[in-house]
Number of protein chains: 2
Amino acid sequence: MLTAERKRMILNLLKAEGQVQADKLARRFKVSEDTIRRDLRQLAKEGLLERVHGGALLRPPVCGLYAKREHQSPDAKRAIGAATAALFQRGQTVAIDAGTTPLAVAEALSNTLPLSVVTHSLPVGLALCEHPAVEVLMLGGTLFKQARACAGAETVDAYRRIHADFCVLGLAGLHPEAGATTFDPEEALVKRAMIQNAGAVVAVAAPEKLGTIAPHLLAPADRLTHLVTGPAPEEQLEPFRTLGVNVIVAGAGN
Amino acid sequence: MLTAERKRMILNLLKAEGQVQADKLARRFKVSEDTIRRDLRQLAKEGLLERVHGGALLRPPVCGLYAKREHQSPDAKRAIGAATAALFQRGQTVAIDAGTTPLAVAEALSNTLPLSVVTHSLPVGLALCEHPAVEVLMLGGTLFKQARACAGAETVDAYRRIHADFCVLGLAGLHPEAGATTFDPEEALVKRAMIQNAGAVVAVAAPEKLGTIAPHLLAPADRLTHLVTGPAPEEQLEPFRTLGVNVIVAGAGN
DNA sequence: AATCAATCGGCAAAAACGTGCAGAATCAAG
DNA sequence: CTTGATTCTGCACGTTTTTGCCGATTGATT
């Protein structure tokens, strides 16, 4: 039995049952539990399953509702927001994506730094109404309620006409080989347009997104110029550094 | 049964039933109550449920925004909103202006009435994210922070390309002879564009706006097809009726 | 105040885990 | 076919996680 074949069968079993147990798999494939554990560890690293004590689970459909995610690990997001906001300089144009982490970036923008912000996210726009120095260009389009942001052809078109110095990108999964990915295909179109016309692309992502893969590709990992995330094991960050991405870990020192 | 799987199932049960009890869960999963209590404690720590004596409850939905909105919509505005929302019929396209009174209209839209809404107001768009039936087209443009809405040439241009069955118009002053007026010239441009391409123009205004005049003219009073306001002396309403405006007094009878 | 159930913290046993190492299997040339 | 390098596998050992139980404490109810 080939190792790769065994792994594939584990994934199939997982998809069928929703959950697998290390000891059961060991007996099923007549190998030691250690081997199974190694398999599971590797598959988890590739983001194909979620490793848990005793076995593994199907990766949960992470797409929670906005209200739910809004106040999830607020400190970590604030730290990421602050670290990202520190990248910008007076007078630059910054495109800010929809999502709770990009929103944290908008909320962290310094009150004294004049910027030009472009966004299709309602919460980002609303947050910047309180900001004294930035000038905001809202992009319209069909409203996507779940994301609280505009999408569709109009939005994509509008981004095509704009060159931003920075693009602050939220995403669902980020993997060194699979690249930056997201769940919704419509949102993916918008994000791709944002990336295409931006100078620097800054991905903001909670550490748990690293190494995971969602269905729709936004860009290969080496298209990112910066990755701002939280405290994470070095082996998850290192592949991005190797690709030339400027990796910034926020909230570690404080 | 894997620990992680059990926790996930607890969350699912909670979502389905709204509430779980420690002893019941212990019997259901054939583990001790201590184990369940530990699970609940950990899940609570992650903010996924609210721990209470005897079990756990669904986390109360984040209602910071909601509370704020509630205050912005006292009874008078809610009544105007409801009366205005009653004008619309299935499948129509409604343009909704920026401002707290038009926002009240958006909030009053029936959950079961499919409409197409066009707006340049961020709070209106955000409010309609919670609405199950309406389809929303956001119009972009330069963000006017004070109004929390888009304005400028782009917004005007976008309204020019759209024909709405209704236009819900907020305003600063409404006078039978001076017409509908507002304070900000930029916003006035947008409002004029809204009016120009709309079938019916519904002005929503608190009674104290009646008879007052602001600097920038939007339209003569007889361009209005409806005026929805609160209880007001008949001599203030009568001139509008004479001009052919359909005057609706909301919140009088209840 | 009194009482019973629920809770919390600590403890110990069992299971699962990660790591380093050595033998077996596999593969790419020679 | 043989050789050397690489990968895979199983085992041993120490560590971490999970779980049930116990005693002390807290909370709700009478």
Side-chain angles (χ1 to χ4, degrees), chain A residues 1-60 73 175-178 207-208 210-212 230-239 242 252, chain B residues 1-14 17-60:
Chain A
M1 156 95 45
L2 268 46
T3 308
E5 191 186 357
R6 189 180 55 234
K7 285 192 196 171
R8 205 171 313 155
M9 290 178 76
I10 290 177
L11 284 179
N12 283 342
L13 265 177
L14 185 60
K15 219 172 289 181
E17 320 240 331
Q19 149 257 9
V20 290
Q21 291 177 18
D23 52 351
K24 303 254 171 67
L25 288 174
R27 256 173 294 150
R28 177 131 171 23
F29 293 115
K30 316 261 197 227
V31 292
S32 75
E33 289 191 36
D34 298 73
T35 303
I36 295 294
R37 272 195 284 269
R38 261 186 282 252
D39 290 344
L40 294 180
R41 226 179 300 165
Q42 286 164 7
L43 290 170
K45 201 171 196 173
E46 295 173 38
L48 300 173
L49 50 75
E50 187 186 9
R51 183 76 169 94
V52 297
H53 201 87
L57 296 179
L58 216 44
R59 211 159 233 308
S73 53
H175 189 280
E177 285 155 39
E208 59 265 25
L210 300 183
T212 70
E234 181 58 30
E235 66 265 22
Q236 293 216 301
L237 303 176
E238 197 277 331
T242 307
Chain B
M1 159 87 54
L2 298 169
T3 308
E5 192 188 3
R6 188 181 56 234
K7 285 193 198 169
R8 208 178 277 184
M9 290 178 78
I10 290 177
L11 284 178
N12 282 342
L13 268 176
L14 186 59
E17 321 232 330
Q19 149 252 20
V20 289
Q21 290 176 346
D23 52 351
K24 302 256 172 65
L25 288 174
R27 255 173 295 148
R28 186 155 181 348
F29 293 117
K30 317 256 198 232
V31 293
S32 75
E33 287 191 38
D34 298 76
T35 302
I36 295 294
R37 272 194 283 270
R38 257 185 286 252
D39 290 344
L40 295 181
R41 230 180 298 169
Q42 287 164 6
L43 291 171
K45 202 177 205 167
E46 295 173 40
L48 300 173
L49 50 76
E50 189 185 7
R51 184 76 169 93
V52 295
H53 203 84
L57 297 178
L58 213 46
R59 246 183 103 110

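Every chain is numbered from 1, with letters handed out A, B, ... down the list of sequences.
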Could you tell me which residues satisfy side-chain hydrogen bond (donor to acceptor under 3.5 Å, both in side chains) with [X], sequence neighbours excluded, listed by chain and number?
{"X": "Thr3(A)", "answer": "none"}
{"X": "Arg37(B)", "answer": "Glu33(B)"}
{"X": "Lys15(A)", "answer": "none"}

Side chains of Glu5(B) and Val52(A) in contact at under 4.5 Å (non-hydrogen atoms)
no

Are the side chains of Met1(B) and Lys30(B) in contact, using a 4.5 Å heavy-atom criterion?
no

Report the distance from atom [atom1] of [X] to atom [atom2] of [N], rounded to the nearest whole Å.
{"X": "Ile36(B)", "N": "dA5(C)", "atom1": "CD1", "atom2": "P", "value": "19 Å"}
{"X": "Asp39(A)", "N": "dC17(C)", "atom1": "CG", "atom2": "P", "value": "13 Å"}
{"X": "Glu33(B)", "N": "dA6(C)", "atom1": "CD", "atom2": "P", "value": "6 Å"}

For Arg28(A), is the CZ atom crowded, meaning more than 12 foreign heavy atoms sit under 6.0 Å from it?
no

Could you check whether atom CD of Glu177(A) has more than 12 heavy atoms from other residues, nucleotides or ligands sitting under 6.0 Å from it?
no

If I compare all heavy atoms of Val20(A) with all of Ile10(A), which pair ends up nearest, and what's the gap?
CG1-O, 4.4 Å

Among residues 8-24 of chain A, which residues get a heavy atom nearer than 4.0 Å to DNA chain C?
Ala22(A), Asp23(A)

Partner set under salt bridge (charged side-chain N to carboxylate O under 4.0 Å, His left out) for [X], not counting sequence neighbours:
{"X": "Glu17(A)", "answer": "none"}
{"X": "Arg6(A)", "answer": "Asp39(A)"}
{"X": "Glu238(A)", "answer": "none"}

Output all residues satisfying side chain to side chain contact (heavy atoms under 4.5 Å, CB included) with Leu11(A), sequence neighbours left out; order by chain, then residue number.
Leu43(A), Leu48(A), Leu49(A)

What do the steps show when you test Gln19(A) against Arg8(B) for side chain to side chain contact (heavy atoms under 4.5 Å, CB included), and what is the final call?
CA-CA 12 Å; Gln19(A) 149 257 9; Arg8(B) 208 178 277 184; over 6 Å; no

Kindly calculate the angle separating the two end axes of the helix from dA1(C)-dT30(D) to dG30(C)-dC1(D), each obtained from five base pairs, and round it to 10 degrees.
50°

Quick one: which protein N/O atoms are closer than 3.5 Å to N/O atoms of nucleotides 19-23 of chain C? Pair and distance per line, please.
| unit_1 | atom_1 | unit_2 | atom_2 | d |
| --- | --- | --- | --- | --- |
| dT19(C) | OP2 | Arg41(A) | NH1 | 3.4 |

With a strict under 4.0 Å distance from non-hydrogen atoms of chain A, what nucleotide opens and what nucleotide closes the contacted stretch of DNA chain D, reading 5' to 3'?
dC8(D) to dT18(D)

